[in-house]
Peer 1: 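Pasting in a structure now, in structure tokens, and then I'll have a few things to ask.
Heads up: numbering here begins at 1 and tracks the sequence. All heavy atoms count here, side chains included; hydrogens, waters and symmetry mates do not.
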Amino acid sequence: MLHTEHVDFYLELFQEGYLVFNEKRIQLVEWLKRDILSKDNEYYFDDQQIEDYINFSERWYYPLDDWEKFLASFVFFYKRSNDTPVFRIFILVMGRGAGKNGFISTMAHFLASSLHGIEEYDVSIVANSEHQAKTSFEEIYNKIIKDPRLSAVNTRDTTFEDEPIGEFEPWKSKIISQETQSKIMYHTSNAKTKDGGREGALIFDEFHEYENSELVKVFTGGLGKKPNPRQFFIGTKGFIREGYFDMLYDRATNILNGDAPFNGHFPFICELDDIKEMDSPDLWEKANPTLQKPLTGRAERLLQTMEDEYADLTYEPSGRPMFVTKRMNVIEGDSEHSVASREELLATNRPFFDLDGLKPIGSLDYGSVRDFAACGLLFKKGEEYAFKTHSFAIKHFVDVHYGYSNSANALGGSKKAPIKAWEKQGLMSVIDEPSLDPMH
């Protein structure tokens, strides 16, 4: 069995009951013990790199939590046959406030440094918005600006006892290591701003906002030109369904269930196992590993904020979806506006049974201007129902509310209903009339 200090310590804390794990982290522990750590003839931990990273982070940033040291140990976990990383894709999903961006800041800075030691090992941080993409970048930039022992600007003749000096040159768009020529950069979803092409590591921040895999494909196209390529996906559960997050989350679930090979993926998913656990603050640690007891000062402040938000739900119940999704990392159906759960909706997505010879019931739901209109045929065979439907909408209405005619929006909406896509699929018709004629 493979051992290293910080993995052993974290697993021991769990086994002795000091940590509250959700089901997917329990599965992770079982999977690691059974399929990964048991293969000491195939893999090894680079203890020197692990300690270098921890010392670097705690020297220049802040004390790391136990979960961060645990994760970092597997970043520097290698195959004996070729000294390449066992895990190349890290899926980190946890509640807001856990410190995902802080972990990424320290990891990005270390990977570009001479301590990691790979020449031109560029690190790119990618997000949908510039504000989010710059979160970790600016944390690194500000750290270098404020401490001359890290900055290569005007300190080349300065010496500090027992410390590397003057390695990083900070610019507003990139941070450069003068030792390795590695760059730390940030990018938005506009792929035209992409620079470099020598990435050693890619960090996809808030990846629950990605509607598809296009952004990831653009940036991973050049990955592998440098040794030991890595990808980090960090986020919480969001409100975009059937997007890139759901795909990667389902893959992580299948890996933990033993239904799919891991193929270099490391799934670290923290969430409540049941929405009822939201009412038990002692179980919030399932969704947020930073709430590990005894609480650090930062964890105490986070817990107080979460308790205040929870108390506010009594007076402002409209805040529940945000609290449940972002803090508890749970997707909950909106019972006020939805008549079916997501699972029930997905269950309808299957082929029709044979309709030949069956007599349907015809129906229509009519609206003239402001609403959608629909007509449909309801079939029954045995205990199964099938509903073939077609919808209609006034062009002016979908222009105003969904950007239907906006030439910059090919699918007729980003986070709203994709009217143009549905029209192309033959599911609906957009009528350019002042009001909808019943004859349609």
Peer 1: Is it the case that His6 and Glu51 place a side-chain donor and acceptor less than 3.5 Å from each other?
Peer 2: yes

Peer 1: Check the side chains of Tyr62 and Glu68 for a donor-acceptor pair under 3.5 angstrom, ignoring hydrogens and angles.
Peer 2: yes

Peer 1: Give me the atom names and distance for the closest heavy-atom approach of Leu355 to Lys388.
Peer 2: CD1-CD, 3.5 Å

Peer 1: Of the non-hydrogen atoms in Leu71 and Phe90, which two are nearest, and what is the gap between them?
Peer 2: O-CE2, 4.4 Å

Peer 1: Ignoring hydrogens, what is the shortest heavy-atom contact between Phe353 and Lys381? Give both atom names and the distance.
Peer 2: CE1-CB, 3.5 Å

Peer 1: Does the ring centre of Trp284 sit less than 6.0 Å away from the ring centre of Tyr310?
Peer 2: yes

Peer 1: Locate the shortest heavy-atom distance separating Phe352 from Ala386; write the atom from each residue and the value.
Peer 2: CD2-CB, 3.3 Å

Peer 1: Which distance, rounded to the nearest 0.5 Å, do you find between the CG of Asn288 and the CE of Met328?
Peer 2: 8.0 Å

Peer 1: Under 4.0 Å between a side-chain nitrogen and a carboxylate oxygen: does that hold for Glu309 and Arg327?
Peer 2: yes

Peer 1: Quick check on Asn41: does its CG atom have over 12 non-hydrogen neighbours (other residues, nucleotides or ligands) under 6.0 Å away?
Peer 2: yes

Peer 1: Given the ring of Tyr61, does Lys143 sit roughly above its face, with NZ or CZ under 6.0 Å from the centre of the six-membered ring and within 45° of the axis?
Peer 2: yes

Peer 1: Does NZ or CZ of Lys237 come closer than 6.0 Å to the centre of the six-membered ring of Phe245, within 45° of the ring's axis?
Peer 2: no

Peer 1: Using distance alone, with no hydrogens and no angle criterion, decide if Glu271 and Tyr249 have a side-chain donor and acceptor under 3.5 Å apart.
Peer 2: yes

Peer 1: Asn128 and Gln132: side-chain donor and acceptor closer than 3.5 Å?
Peer 2: no

Peer 1: Taking atom types as modelled, is there a side-chain donor on Thr180 or Glu119 under 3.5 Å from an acceptor on the other?
Peer 2: no

Peer 1: Have Thr4 and Asp47 got a donor and an acceptor in their side chains that come within less than 3.5 Å?
Peer 2: yes

Peer 1: Checking side-chain contact (heavy atoms from CB on, under 4.5 Å) for the pair Trp422/Lys420: CA distance, chi angles, key distance, verdict?
Peer 2: CA-CA 5 Å; Trp422 289 346; Lys420 279 189 178 178; over 6 Å; no

Peer 1: What's the spacing between Thr296 OG1 and Leu64 CG if we round to 0.5 Å?
Peer 2: 11.5 Å

Peer 1: Does the ring center of Phe262 lie less than 6.0 Å from the ring center of Phe266?
Peer 2: no

Peer 1: For residues His187 and Phe219, establish whether the separation of their ring centroids is below 6.0 Å.
Peer 2: yes

Peer 1: Checking Gln27 against Asn257: is there a side-chain donor and acceptor pair closer than 3.5 Å?
Peer 2: yes

Peer 1: Decide yes or no on salt bridge (charged side-chain N to carboxylate O under 4.0 Å, His left out) for Glu130 and Lys134, but give the supporting numbers first.
Peer 2: CA-CA 6 Å; Glu130 181 174 327; Lys134 291 173 70 173; 3.6 Å; yes

Peer 1: Can you tell me how far CG of Leu256 sits from CD1 of Ile26, rounded to the nearest 0.5 angstrom?
Peer 2: 11.5 Å

Peer 1: Classify the side-chain pair Ser405/Asp399 by whether it contains a donor and acceptor separated by less than 3.5 Å.
Peer 2: yes

Peer 1: Centroid-to-centroid, Phe74 to Phe45, below 6.0 Å?
Peer 2: yes

Peer 1: Is a salt bridge present between Lys226 and Glu120, judged by a nitrogen-to-oxygen distance below 4.0 Å?
Peer 2: yes

Peer 1: Between Asn82 and Thr84, do the side chains contain a donor N or O and an acceptor N or O under 3.5 Å apart?
Peer 2: yes

Peer 1: Under 6.0 Å between ring centres: does that hold for Phe56 and His109?
Peer 2: yes

Peer 1: For His396, look at atom NE2 and say whether over 12 heavy atoms of other residues, nucleotides or ligands are found less than 6.0 Å away.
Peer 2: no

Peer 1: Set out, in order, the CA-CA distance, both residues' side-chain angles and the distance that settles side-chain contact (heavy atoms from CB on, under 4.5 Å) for Leu19 and Tyr10, then state yes or no.
Peer 2: CA-CA 9 Å; Leu19 301 178; Tyr10 197 62; 3.6 Å; yes

Peer 1: Check whether the side chains of Ser429 and His440 place a donor and an acceptor atom closer than 3.5 Å, and report yes or no.
Peer 2: no

Peer 1: Count the heavy atoms belonging to other residues, nucleotides or ligands that lie under 6.0 Å from NZ of Lys293, then report whether that count exceeds 12.
Peer 2: yes

Peer 1: Rounded to the nearest 0.5 Å, what separates atom OG in Ser124 from atom CD1 in Ile184?
Peer 2: 10.0 Å

Peer 1: Do Ser177 and Tyr121 get their side chains close enough for a donor-acceptor pair, meaning under 3.5 Å?
Peer 2: no

Peer 1: Does Glu58 pair with Lys69 as a salt bridge, N-O distance under 4.0 Å?
Peer 2: yes

Peer 1: Taking the ring centre of each residue, are Phe9 and Tyr18 less than 6.0 Å apart?
Peer 2: no

Peer 1: Kindly indicate, with the supporting measurements, whether the criterion side-chain contact (heavy atoms from CB on, under 4.5 Å) is fulfilled by Ile255 and Trp31.
Peer 2: CA-CA 9 Å; Ile255 291 170; Trp31 170 65; 4.1 Å; yes

Peer 1: Ring centres under 6.0 Å, that's the criterion: do Phe77 and Tyr43 meet it?
Peer 2: yes

Peer 1: Scan Val93, Ile234, Thr290, Asp205 and name whichever one has a side-chain contact (heavy atoms from CB on, under 4.5 Å) with Lys100.
Peer 2: Ile234

